[in-house]
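Order of appearance sets the numbers: ligands from 1, and atoms from 1 within every ligand.
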Amino acid sequence: MHKAGFVNIVGNPNVGKSTLMNQLVGERISIATFKAQTTRHRIMGIVNTPEMQIVFSDTPGVLKPNYKLQESMLAFSESALQDADVLLYVTDVVENPEKNMDFLEKVQKLDLPVILLINKIDELAGEPGGSSKTSNASQVRLASIVERWHALLPKAEILPISAKNKFGVDILLKRIQELLPESPAYFDKDQLTDKPARFFVSEIIREKILLYYDKEIPYSVEVAVERFKEDDKHIHINAIIYVERDSQKGIIIGHQGVALKKVSTEARKSLEKFFDKPIFLEIFVKVDKDWRSSERELNHFGYNPE
Ligand SMILES: Nc1nc2c(ncn2[C@@H]2O[C@H](COP(=O)(O)OP(=O)(O)OP(=O)(O)O)[C@@H](O)[C@H]2O)c(=O)[nH]1
Ligand SMILES: [Mg+2]
């Protein structure tokens, strides 16, 4: 008997969905940073064994859209409610369960196994790992969080985890395997993701922008890969950082190009780890006025859910 299915990871921004997917798959597929709205696409991470294929989907944090890019992001999250065999709804120990009732109501109506993951339990004093030092106060706090979520999603199984410390992740994987339906594989057994190499290049560059720039800058940036040429020894990459206005272009480049140089150096190091090859990376900065509100530009950048 072969099992296969779609296990979709949804939840509000910044709760640790991408961190969790990377731990479940055992590869750094999805970028994860301390900033909300890090993930903009639906990204598959596939776990293959001879008897099984689990197709995880990481999705953008659910939000109320203010511009067209965010509408596409929400559409990716909502698409993950349509085709899931098992849904992982991720929250954390500080989130107000009623923060986003519209989306939660959609989850409540689903007729499929939902596992509610209360992430970041390491942030409760005394965790992780349930050692003998686990304090009473943190146990009480966790119990009250579980109770509140149970009232909202009575049919969901609830599992406290720490994605960052991989605490609870193996138990979760085991439970997913049990819930997975009988089915042939959906993808080739050597396939790790649905996205091409260029996608990971642009994500790794965007990750550096999320890390090194403040305020609106990371949210105004899109990265496109113009050239990706691999030979025996190297990979040659040309990428473009698009911003919405001229003033943002100046900020990205920085005084005497220092800021862009840092992005480029750090991105190159991460890319060399990711592809396990020396990389030649050239990055240019261009203005694409108001791209995140333009249907045409969003299509061009691949933000159209199928
Ligand atoms: N303390 C703690 N922090 C965590 C844990 N899991 C993730 N984080 C941190 O939470 C932040 C957000 O993590 P992400 O994985 O990017 O969260 P996300 O839900 O994918 O966020 P979006 O893509 O923006 O919706 C990062 O700083 C992570 O390091 C955890 O178990 N414990
Ligand atoms: Mg994410």
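- For Thr19, every N, O or S atom stays at 2.8 Å or more from the Mg ion (ligand 2).
- Heavy-atom proximity to atom 7 (C) of ligand 1, evaluated over Thr19, Val169, Leu210, Ile161, is greatest for Thr19.
- Protein heavy atom in closest approach to atom 17 (O) of ligand 1: Gly16 N, 3.0 Å.
- Residue contacts with ligand 1 for Gln37 involve N, CA, C or O but no side-chain atom from C-beta outward (heavy atoms, distance under 4.0 Å).
- Considering backbone and side-chain N/O of Ile31, none are found under 3.5 Å from N/O of ligand 1.
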Would you mind writing out the side-chain donor-acceptor pairs for residues 248-263 within the sub-3.5 Å range, not counting sequence neighbours?
{"from": "Gln248", "atom 1": "OE1", "to": "Glu244", "atom 2": "N", "distance (Å)": "2.8"}
{"from": "Gln248", "atom 1": "OE1", "to": "Arg245", "atom 2": "N", "distance (Å)": "3.0"}
{"from": "Gln248", "atom 1": "NE2", "to": "Ser220", "atom 2": "OG", "distance (Å)": "3.2"}

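- With a 6.0 Å radius and a threshold of 12 heavy atoms from other residues, nucleotides or ligands, Lys99 has its NZ atom above the threshold.
- Counting heavy atoms closer than 4.0 Å to ligand 1, residue Thr39 contributes atoms from both its backbone and its side chain.
- Of all protein heavy atoms, the one lying nearest to atom 21 (O) of ligand 1 is Asn14 N, 3.0 Å.
- Looking at Val90 and Leu20, their side chains come closer than 4.5 Å, going by heavy atoms from C-beta outward.
- Looking only at protein heavy atoms, the nearest one to atom 27 (O) of ligand 1 is Phe34 CA, 3.3 Å.
- You'll find the side chain of Thr59 stays beyond 4.5 Å of the side chain of Met73, heavy atoms only.
- Between Phe200 and Phe275, the ring centre distance reaches or exceeds 6.0 Å.
- A donor-acceptor pair shorter than 3.5 Å cannot be found between the side chains of Lys17 and Ser30.
- For Thr59, no nitrogen or oxygen atom sits less than 3.5 Å from a nitrogen or oxygen atom of ligand 1, counting backbone and side chain alike.
- There is no side-chain donor-acceptor pair under 3.5 Å between Asn22 and Glu27.
- The part of Asn119 lying near ligand 1 is the side chain, judged by heavy-atom distances below 4.0 Å.
- Because its NZ or CZ atom is both nearer than 6.0 Å to the ring centre of Tyr67 and within 45° of the ring axis, Arg292 counts as a cation-pi partner of that residue.
- Remark: ligand 1 and Lys17 share an N or O pair separated by less than 3.5 Å (distance only, no angle test).
- Residue Ala163 has at least one heavy-atom neighbour below 4.0 Å for each of these atoms of ligand 1: 6 (N), 31 (O).
- Scanning both residues, Ser72 and Leu298, for their nearest heavy atoms gives OG-CD1, 4.4 Å.
- For Ala36, every heavy-atom contact with ligand 1 shorter than 4.0 Å involves the backbone, none the side chain.
- Close contacts between ligand 1 and Ala32 involve ligand atoms 14 (P), 15 (O), 16 (O) [criterion: under 4.0 Å to a heavy atom].
- In this comparison of Arg40, Lys120, Met21, the heavy atom closest to atom 4 (C) of ligand 1 sits on Lys120.
- Listed by number with element, the atoms of ligand 1 under 4.0 Å from a non-hydrogen atom of Lys35 are 24 (O).
- Note: His236 and Phe228 fail the aromatic proximity criterion, with ring centroids not under 6.0 Å apart.
- Separation of the Phe56 and Phe6 ring centroids does not fall under the 6.0 Å cut-off.
- Geometrically, ligand 1 and Gly61 share a nitrogen or oxygen pair separated by less than 3.5 Å.
- Of the polar atoms of Val15, at least one N or O is found under 3.5 Å from an N or O of ligand 1, judged by distance alone.
- Closest heavy-atom contact between Ala32 and Thr19: CB-OG1, 3.6 Å.
- For atom 26 (C) of ligand 1, the closest heavy atom belonging to the protein is Thr33 O, 3.4 Å.
- Other residues, nucleotides and ligands place more than 12 heavy atoms under 6.0 Å from the CZ atom of Arg227.
- Taking 2.8 Å as the threshold, Thr39 counts as a candidate ligand of the Mg ion (ligand 2), since one of its N, O or S atoms lies below it.
- Heavy-atom contacts of Pro13 reach the following atoms of ligand 1: 25 (O) (cutoff under 4.0 Å).
- What sits closest to atom 32 (N) of ligand 1 on the protein, heavy atoms only, is Asp122 OD1, 2.7 Å.
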